[in-house]
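Step one of this worksheet: look at the structure below.
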Amino acid sequence: MTADPAALGFLKPEKYAAVERERRWLCAALPDLPVLRAEDIEDLYVDGSRLRLRRATPVGGGEPILRLSKKADLAPDRRLITTIYLTGAEYALFEGLPGRLMRKTRHYYAAAGATLSVDRFEGALAGLFLAEAEFGDDAAMAAFPDPAFALREVTDDPRYTGGALVLHGFPDGT
C-alpha cells in the first residue's frame, strides 16, 4: 500500500523530495568486515512533526554535517525525504526544539556492489544493531542479498524505524 504524499505534507514531491528506497536488517553485532568510514550521529526527532535534526560527525575527526530532514513513509521500503543542510548557527536555532534524542555510531561497509551501513545504538537502545542499505531503483533493492551477518530482515517491521525506536525504545524481539 502506498500513502498519499500530499496527505503526508509533501505538496510537490516530484520537485522538492526524493524517494528513499531502503532495506533494514537486525544484527547481533558489528560485522567483522573492513570499515570504509564511520560517523557519530545525534538525531533529534522533533515532537509533533516528521522532522529530524541530525549532526553527523566523522569518527577520527572532521567537521560535522548538520541537516534538517523531513521523512514520510510511502511504504515500508520507500519514503519521501527532503533535506536542508545547515550552518552551525542555523543548527543552533533548531537544536532547542522539543523532541527526543537518539545517538548511534554508523559504520559503512562495501557489500554486494553497494554501501551497507550498520548502526550501533547508544543509551536506552544500547545493544541494538541495525544494518541498512539504500538503493537507486526497485530492481537493485530486490536483487540485494541479505547480509550474511544479519539475524533477520526488519524492513517491514515499523518498530525498527528511527521514529518508532526513539518513541518506544528497544523492540521486544518478537
Side-chain angles (χ1 to χ4, degrees), residues 17-18 20-73 77 79-112 114-136 144 147-155 157-171 173:
E20 183 179 69
R21 292 171 182 84
E22 179 181 88
R23 290 176 59 198
R24 293 181 300 281
W25 297 268
L26 181 63
C27 305
L30 293 173
D32 187 21
L33 299 170
V35 177
L36 301 175
R37 71 184 199 288
E39 55 193 13
D40 289 323
I41 296 174
E42 182 178 282
D43 286 334
L44 174 67
Y45 288 81
V46 179
D47 287 348
S49 76
R50 298 178 188 281
L51 299 175
R52 181 192 68 200
L53 185 66
R54 173 170 282 180
R55 178 191 341 253
T57 305
V59 170
E63 288 297 314
I65 296 173
L66 309 171
R67 59 188 181 257
L68 180 66
S69 298
K70 180 177 180 177
K71 289 186 171 190
D73 290 343
D77 60 355
R79 66 197 41 80
L80 291 173
I81 182 171
T82 187
T83 298
I84 300 170
Y85 290 88
L86 304 171
T87 66
E90 291 167 333
Y91 184 90
L93 291 171
F94 292 108
E95 69 181 332
L97 290 171
R100 295 176 187 254
L101 273 176
M102 177 187 290
R103 289 185 176 89
K104 60 190 176 184
T105 301
R106 177 167 286 173
H107 302 81
Y108 293 90
Y109 305 90
T115 300
L116 184 71
S117 62
V118 180
D119 293 340
R120 178 182 46 91
F121 290 82
E122 300 173 18
L125 295 169
L128 177 62
F129 295 87
L130 283 179
E132 66 180 45
E134 293 183 15
F135 306 94
F144 192 80
F149 58 84
L151 299 174
R152 65 183 169 95
E153 186 165 359
V154 294
T155 301
D157 189 335
R159 298 176 303 166
Y160 290 95
T161 63
L165 288 168
V166 78
L167 283 175
H168 306 294
F170 202 115

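With values rounded to the nearest 0.5 angstrom, Leu167 atom CG is found 5.0 Å from Arg100 atom CZ. Rounded to the nearest 0.5 Å, atoms CG (Leu53) and OH (Tyr91) are 4.5 Å apart. Note that the CD1 atom of Ile41 and the OG atom of Ser117 stand 8.0 Å from one another [nearest 0.5 Å]. With rounding to the nearest 0.5 Å, the separation of CG in Leu80 from CZ in Arg50 is 10.0 Å. Arg152 CZ to Asp157 CG: the interatomic distance, rounded to the nearest 0.5 Å, is 6.0 Å. To the nearest 0.5 angstrom, Asp43 atom CG is 5.0 Å from Arg52 atom CZ.
In this structure Arg79 satisfies the salt bridge (charged side-chain N to carboxylate O under 4.0 Å, His left out) test together with Glu20, Glu22, Asp73, sequence neighbours excluded. With sequence neighbours left out, the side-chain hydrogen bond (donor to acceptor under 3.5 Å, both in side chains) criterion links Tyr108 to Glu39. For Glu90, the salt bridge (charged side-chain N to carboxylate O under 4.0 Å, His left out) criterion is met by no residue, not counting sequence neighbours. For Arg37, the side-chain hydrogen bond (donor to acceptor under 3.5 Å, both in side chains) criterion is met by no residue, not counting sequence neighbours. Applying the side-chain contact (heavy atoms from CB on, under 4.5 Å) rule to Leu93 yields no partners; only residues at least two apart in sequence or on another chain are considered. Not counting sequence neighbours, Pro58 has no partner by the side-chain contact (heavy atoms from CB on, under 4.5 Å) test. Ser49 is linked by a side-chain hydrogen bond (donor to acceptor under 3.5 Å, both in side chains) to nothing, counting only residues two or more places apart in sequence or in another chain. Legend: residues meeting side-chain hydrogen bond (donor to acceptor under 3.5 Å, both in side chains) with Thr115, ordered by chain and number and at least two apart, are absent. With sequence neighbours excluded, the residues forming a salt bridge (charged side-chain N to carboxylate O under 4.0 Å, His left out) with Asp119 are Lys104, Arg106, listed by chain and number. Listed by chain and residue number, Asp146, Glu153 satisfy the salt bridge (charged side-chain N to carboxylate O under 4.0 Å, His left out) test with Arg23 (two or more places apart in sequence, or in another chain).
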Which pairs of donor and acceptor atoms, one on a side chain in residues 120-135, lie under 3.5 Å apart (sequence neighbours left out)?
from   : atom 1 : to     : atom 2 : distance (Å)
Arg120 : NH2    : Thr105 : OG1    : 3.3

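Within the structure, the ring pair (Phe, Tyr, Trp, His ring centres under 6.0 Å) test picks out the following pairs touching residues 25-63 (sequence neighbours left out): Trp25-Phe144.
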* Would Lys71 and Thr161 count as a side chain to side chain contact (heavy atoms under 4.5 Å, CB included) if you check the C-alpha gap in whole Å, the side-chain angles of each, and the deciding distance to 0.1 Å? -> CA-CA 11 Å; Lys71 289 186 171 190; Thr161 63; over 6 Å; no
* To do: Run the numbers on Ile84 and Phe94 for side chain to side chain contact (heavy atoms under 4.5 Å, CB included), then give the verdict.
  => CA-CA 12 Å; Ile84 300 170; Phe94 292 108; over 6 Å; no
* To do: Given side chain to side chain contact (heavy atoms under 4.5 Å, CB included), test Leu68 with Leu51 step by step and report yes or no.
  => CA-CA 7 Å; Leu68 180 66; Leu51 299 175; 4.3 Å; yes
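Under the 4.5 Å side-chain criterion, counting only non-hydrogen atoms from C-beta, Tyr85 is not in contact with Leu66. For the pair Tyr109 and Pro31, the minimum side-chain heavy-atom distance is below 4.5 Å.
Side-chain atoms of Thr155 come within 3.5 Å of backbone atoms of Arg24 as a donor-acceptor pair (strictly under, hydrogens ignored).
Annotation for Pro158 and Ala164: closest pair O-CB, 3.2 Å, computed over non-hydrogen atoms. Residues Ser69 and Thr83 share a closest heavy-atom pair of OG-OG1, 3.0 Å. Between Pro147 and Leu116, the shortest heavy-atom contact is CG-CD2, 3.9 Å. Considering every non-hydrogen atom in both Ala110 and Leu36, the closest pair reads N-CD1, 3.6 Å. Residues Pro64 and Thr57 approach most closely at CB-OG1, 3.4 Å, considering heavy atoms. Contact record, Met102 with Gly162: CE-O, 3.3 Å, taken as the closest heavy-atom pair.
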